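Data first, discussion second: the structure below is written as C-alpha cells.
Since the model is a prediction, treat every value here as computed from it, not as a measurement. No hydrogens, no waters, no symmetry mates; every other heavy atom, side chains included, goes into these values. Counting starts at 1 for both ligands and their atoms, in listed order.
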Amino acid sequence: AGDPLLEVKSLFACVGSSTRSHLSSPHSLFIYAHHSLVHLMAFSITIWRSAHTTQPITVQLQTPFVPKSQDLDLNQGPDFQGAQYVYGKTLVPEVEGGPRPTVHMLWTPVPQTLTLRGEERERSWEFLMAVAESEEEAKRSYREGLALMAAGSLHSSHVHAWAMLWRGCCIDLDGPLPLRQALYGCLYYLLSAIPPRGNPGFLFHGISPGGLSNGTQGEDYWGHVFWDQDTWMFPNILLFYPEAARAILEYRIRTLEGALRNAQEQGYKGAKFPWESAATGREVCPEEIYGAQEIHVTGDVLMAFEQYYCTTQDQKLFREDGGWKLVDAVAQYWCSRMVWSEEEQCYHIKGVMPPDEYHYQVDNSVYTNAVAQRSLNFAADIARDFLIPVPEEWVDCAKKIKVPFDAEKKYHPEYDGYSPGEPVKQADVVLLGFPLMYPMSSEVRRNDLEMYEPITELDGPAMSWSMFAVGWLELKEVQRAQSQLNKCFSNITEPFKIWVENSDGSGAVNFLTGMGGFLQAVLFGYTGFRITRSSLRFNPALPNDINKLNVTGVSYFGNKLKFTIAKEEIRIKVIESHQDPLAPPLEAVLEESGQRFPLREGMVSSPGSAS
Ligand SMILES: *[C@@H]1O[C@H](CO)[C@@H](O)[C@H](O)[C@H]1NC(C)=O
Ligand SMILES: *[C@@H]1O[C@H](CO)[C@@H](O)[C@H](O)[C@H]1NC(C)=O
Ligand SMILES: *[C@@H]1O[C@H](CO)[C@@H](O)[C@H](O)[C@H]1NC(C)=O
C-alpha cells in the first residue's frame, strides 16, 4: 500500500481531495455533530481492501491540532478514560466586569498510524470530542459516546435521532425538484441550529445568521444574534417545534437584564434589545450606529413572543418564567422612545435606522413605528388576559403613533420624507403586510409591492425576495410570486445547498436568515398561514408548477396537524393531540360561508381548495 499519508487537518477536519490520492485503498470519512448527544462531535475513518491482497495497510495520521487558543485561557487536566482534557475561561468578558464563560473539552488522541491487518478486510476507527460549559457535562457526554461506540451504535443513534426529528415535520411538494431540494436543505440546516429536544437544563444561546461563527475575526458576525433569529428563522421553528421556539424566547428572557441596561444608557425606560446580542444582552455590535438606531429589533423580539403565545397559549412562560416582565419592559421602552408632535397630533419615533440600512437618522420609519404599535397592542392584550391593569399610556401610544401613509399615491413611504424611487437595501416596507399583518387594503398592499420591488437592491441580503413572494401570493398573483422566489435559488451553492448572504458571495455563510425567509415563503406563502389571536388562518395559493403541497407536523394548541393542499382540495388531518381538555374544540372554519369542520385526532377534514 505504499506509504499513504492521511492528513487530518485539524482534529476533526475532513480530508481534502488532494490528500485523498495518497490513499491507495478505498476509505471513507465521516464527521458529524451528534444529534442526541449534543456536546459531542464524532469523526470516523473506515478503510477497506479493494484488491485481494493480504499485506497490512498502514495509514499515517497527522494532526496540527494543538489545544491553544487566542481567546481562551486553557489549562491541561488529567486524562479521562483515554481522552485528553483541557478546560479554561474566555480571556475577555463580554462587558467589563461581566462573566467569563468556561469551556471543558475532551478528545480522543489521534494515533500516528492506523493499520488494517492482513486478515482484515475492513475496519473503522471512531474519534470523539466533547465540548461543554461544565466538566461534568463534558465528561458525561464523552462517557456516553464511548458507551455507544462500544455498542457499535454511535452513528446509528445519531441517524435515529435525526429521523425522529424529521418525522415531526415535513414539507413536501409535487413540483420542481430544485425547489423540493432547496426546501429539504433549508429545513435540515435550520433544524441543525435549533435547541436540542429532550435536553432539560440546556442553555440555548440563540441562532446567529451564519449559525456558529467560523472563528476568524469578525467572520459570520462573531456568532452574534440579530433580528434574523426572531423575524426570519423563528416562525418556521415555531410552526413545527414550539418547545424549541420556547428555548429561543428563554434566551431573550435570560438577556433581559442587559436589554434594561441598554435602554437606561440611551436614556429610555424599559428594555431595548441589542442589535447584536451575545451572552448578556448588552449591545455587542462593533459599530455604534446600529445599536443606537436600528431599534426595530426590540419589536421584532416581542413579535416572536406574540406568535408563540397565539399558537401555544403557554401562559406559564409569561406568568412564571419571565415572559411578562419582558413584555412589560418592551412596552415601557416604546412609550419612552416616542415624542408627541403638537403639529401632527400624534406620536413620533425619531432618529432611527429602518431595516433598510441605506438610510439612518430618519424619522418615523414605517416598519419601526408599526412594529412598536404591535408590541404595545400585544402587551395590552396579554395584560388583559392576565387581569393586570393596562397602563393608559400603552393604549394611548399604540393608538396615536404615526404610521406614515401617502393618501394620494396610496402607499406607505418608508419614512418621513422618503421619495419614491430611492433605492432600498432589503425588504422593509413590504414587511408591513407580512409578517406584521398591518391592516391595509389589497390595493395598498399591491402598491407597496409595486413601489419597492424594482428598487430593492439585487445584491442585498438573500431573504428579501421571499417577502415579496409572500405578498404576491397573498394577492393570488402566483407567477409573480414564483419569479421572486426563484431569485432565492440563483445563489444556493452546490453540492450541499449552502446559502450565501449576498449575491456577490459576501456576508455570512451558510445564511440561515435567507433560508428562514425562503421557508416562510412556502410555509406561510403557499399555505397562506397567518397566526392571529383567535386562529391559525390559511388561504392557499399554489403556482402553476406545483400540484400539491404537504405540510406535516404543524403545531397548534398542543395538536399536530397535517395539511395536504392541492388545486382541487385541501385536507387537514390531526395526527396527534395533546390539547388541554378544557380548551374549545379544534375546528376549521370557512370564513365566507361560516361552515365549520370539526378536527379530531385521526380524522381528515376537507374544507376547500387552493384555486
Ligand atoms: C402528500 O400526502 C399524501 C397523503 O398522505 C400522499 O399520498 C402524497 O404522496 C404526498 N405528496 C407529496 C408530494 O409528498
Ligand atoms: C472563515 O472565513 C474566512 C474568510 O472569509 C475564510 O477564508 C475561511 O475559509 C472560513 N473558514 C471556515 C472554516 O469556513
Ligand atoms: C448569485 O446569482 C446571481 C444571479 O444569477 C449571479 O450573478 C451571482 O454571480 C451569484 N453569486 C454567487 C456568489 O454565486
Side-chain angles (χ1 to χ4, degrees), residues 163 166-189 209-210 214 219-220 239-240 425-427 453-454 456-466 468-469 482-515 517-519 521-523 525-527 529 538 540-554 559-576 588 599 601-610:
W166 199 250
R167 224 172 55 178
C169 73
C170 189
I171 314 171
D172 209 346
L173 49 84
D174 180 2
L177 185 63
L179 177 62
R180 301 180 57 202
Q181 289 177 327
L183 279 172
Y184 269 53
C186 290
L187 257 185
Y188 169 70
Y189 289 123
N214 103 351
E219 283 302 318
D220 291 334
L239 211 55
F240 291 124
K425 182 186 168 210
Q426 62 188 72
E453 188 181 279
T456 300
E457 191 66 74
L458 263 178
D459 295 336
M463 68 279 197
S464 293
W465 314 116
S466 50
F468 286 100
Q482 208 61 352
S483 68
Q484 291 303 315
L485 206 64
N486 286 341
K487 286 195 201 167
C488 302
F489 281 95
S490 45
N491 293 116
I492 299 180
T493 319
E494 301 298 340
F496 297 118
K497 314 283 175 203
I498 296 293
W499 284 59
V500 294
E501 177 171 356
N502 303 310
S503 61
D504 62 358
S506 64
V509 184
N510 181 14
F511 192 47
L512 290 164
T513 315
M515 298 187 225
F518 175 69
L519 280 173
V522 171
L523 271 181
Y526 289 171
T527 59
F529 283 151
F538 60 97
L542 295 182
N544 298 339
D545 52 356
I546 294 168
N547 297 315
K548 202 176 205 182
L549 169 69
N550 287 347
V551 185
T552 311
V554 174
N559 301 284
K560 282 279 205 184
L561 308 173
K562 174 176 178 175
F563 285 77
T564 305
I565 297 167
K567 296 229 161 70
E568 59 296 339
E569 189 183 43
I570 300 166
R571 285 166 174 264
I572 306 171
K573 184 175 177 184
V574 183
I575 45 183
E576 241 179 79
L599 295 171
E601 194 165 354
M603 227 174 91
V604 180
S605 296
S606 182
S609 71

Would you mind listing which atoms of ligand 3 come within a distance below 4.0 Å of any non-hydrogen atom of G505? 13 (C)
Please report the interatomic distance CG(N510) to CD1(I492), rounded to the nearest 0.5 Å. 10.0 Å
Give the residue and atom name of whichever protein heavy atom lies nearest to atom 3 (C) of ligand 1, and the separation in Å to one decimal. N550 ND2, 3.6 Å
Name the one of F563, Y526, Y184, F240 that satisfies side chain to side chain contact (heavy atoms under 4.5 Å, CB included) with I171? F240
I need the nearest protein heavy-atom contact for atom 5 (O) of ligand 3: residue, atom name and distance, please. S490 CB, 3.5 Å
Where ligand 1 meets D174 - atom numbers and elements under 4.0 angstrom, heavy-atom basis: 13 (C)
K487 side chain to A462 backbone, donor-acceptor under 3.5 Å: no
Please tell me if atom 7 (O) of ligand 1 is touched by the protein, where touching means a protein heavy-atom distance below 4.0 Å. no
If we set the cut-off at 4.0 Å for heavy atoms, which region of L173 has an atom near ligand 1: side chain, backbone, both, or neither? backbone
With nothing but distance in play, are any N or O atoms of K562 less than 3.5 Å from an N or O of ligand 1? yes
Quick check for you: to the nearest 0.5 Å, what is the distance between L549 atom CG and N547 atom CG? 11.0 Å
Return a yes/no value for N502: is any of its N or O atoms, backbone included, closer than 3.5 angstrom to an N or O of ligand 3? no
Distance, nearest 0.5 Å, that separates CZ of R167 from NZ of K560: 11.0 Å
Atoms in ligand 1 with a heavy atom of D172 nearer than 4.0 Å: 14 (O)
Atom 9 (O) of ligand 3: nearest protein contact (heavy atom, Å): S503 O, 4.2 Å
D174 backbone acceptor or donor facing R180 side chain under 3.5 Å: no
Looking only at protein heavy atoms, what sits closest to atom 14 (O) of ligand 3 is N491 ND2, 3.3 Å
Polar proximity ligand 1 side, T564 side, N/O cut 3.5 Å exclusive: no
Just by modelled atom types, is the F538 backbone N or O under 3.5 Å from a matching donor or acceptor in the T527 side chain? no
Using side-chain hydrogen bond (donor to acceptor under 3.5 Å, both in side chains), reason through S506 and D504 one step at a time and then give a plain yes or no. CA-CA 6 Å; S506 64; D504 62 358; 2.6 Å; yes
